[in-house]
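Please read these numbers as outputs of a predicted model, since none were measured by experiment. Chain naming here is simple, since letters A, B, ... match the order of the sequence lines and numbering starts at 1 in each.
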Protein chains: 2
Amino acid sequence: MADYSNKEAQIAGYAKALAHPARVAIIQLLLKKQACICGAIVEELPLSQSTVSQHLKELKLAGLIKGDITGVKTCYCIDKAAWNKAKKLLTGLFSIPLINENCC
Amino acid sequence: MADYSNKEAQIAGYAKALAHPARVAIIQLLLKKQACICGAIVEELPLSQSTVSQHLKELKLAGLIKGDITGVKTCYCIDKAAWNKAKKLLTGLFSIPLINENCC
DNA sequence: AATATTAATCGTAGTTTTACGATTAATAAA
DNA sequence: TTTATTAATCGTAAAACTACGATTAATATT
């Protein structure tokens, strides 16, 4: 009956950012530094440039990445602070002990 | 250019299941066993019975929970195997070392 | 047998997401 | 200065998501 907690909303927010394979792929590319320039990311994905741009925008909106424009190119990278926060929240959820003494 | 990997799709799938605060709340309730019967879950959320049922269905579809009907009531609980798989995939993503020697 | 309870499903409306091509703005190269 | 490159944004269409009330099917209770 009560409203959601801040934590729940934040977890959901970060989960939402990772709720598309393209965005998971982008994050992995950035983590492993196999790509960083927008154009290179586009080449790695089976999507059009505009669609990839949209996914990058969503990741940026969620705070997980930031973009750095230099000249005509844009370099993206993980936002360390936000990434660590997401990690903390998500791993926190998964580390709740699961003792199955339930009905099913 | 190539297609997504299985792993990426699975991560995205589990993330999607957690991409709504109501579903995060449900998972937490089940983990902490503060609720289990559908009706009790409904009482804990600021949503109608039908909407909660829909969220439960999505979590079931993602494999994270299972429902056990006994009489007129339904008891839900975490699917241990799937939950552990999700945990492994998500924590795996978050445990990729983040060395920021990038452009930004 | 009639009524109540529980939870799934149906129908529906509004919103959001996803995807694309086309366009634009900015910088780089010729 | 003209042309090319890069990436964001716009416009748009289709699909998916979210929410609700109403209905339904099943079991419990009276």
For the student: nearest non-hydrogen atoms of [X] and [Y], plus distance:
X       : Y       : result
B/Glu8  : A/Val24 : CG-CG1, 3.9 Å
A/Gly63 : A/Ala82 : O-CB, 3.2 Å
A/Leu98 : B/Lys80 : O-CE, 3.7 Å
B/Leu93 : A/Trp83 : O-CZ2, 3.8 Å

Response to the item:
Nucleotide by nucleotide, nucleotides 8-19 of chain D touches protein heavy atoms under 4.0 Å in the pattern (B base, S sugar-phosphate only, - none) BB-------SBB

Worksheet item: Can you give one letter per nucleotide of nucleotides 25-30 of chain D, 5' to 3': B if a protein heavy atom sits under 4.0 Å from the base, S if only from the sugar-phosphate, - if neither?
Response: -BSS--

Fill in: Summary of ring-ring contact (aromatic ring centres under 6.0 Å, His included) pairs that have at least one residue in residues 28-60 of chain B, sequence neighbours excluded
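Sorted result for residues 28-60 of chain B: B/His20-B/His55.
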
Worksheet item: Okay, side chain of A/Thr91, backbone of A/Lys87: is any donor-acceptor separation there less than 3.5 Å?
Response: yes

Discussion item. So does B/Glu58 get a backbone contact from the side chain of B/Arg23, meaning a donor-acceptor N/O pair under 3.5 Å?
Written reply: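 Flag not set: sc B/Arg23 to bb B/Glu58 has no pair under 3.5 Å.
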
Rounded to whole Å, please give me the gap between [atom1] in [X] and [atom2] in [N].
X       : N      : atom1 : atom2 : value
A/Leu61 : C/dT16 : CG    : P     : 13 Å
B/Leu45 : C/dA7  : CG    : P     : 13 Å
B/Lys73 : C/dA4  : NZ    : C1'   : 13 Å
A/Leu59 : D/dA7  : CG    : P     : 16 Å

Worksheet item: Hey, are B/Ser50 and B/Ser53 close enough side-chain-wise for a donor-acceptor pair under 3.5 Å?
Response: no

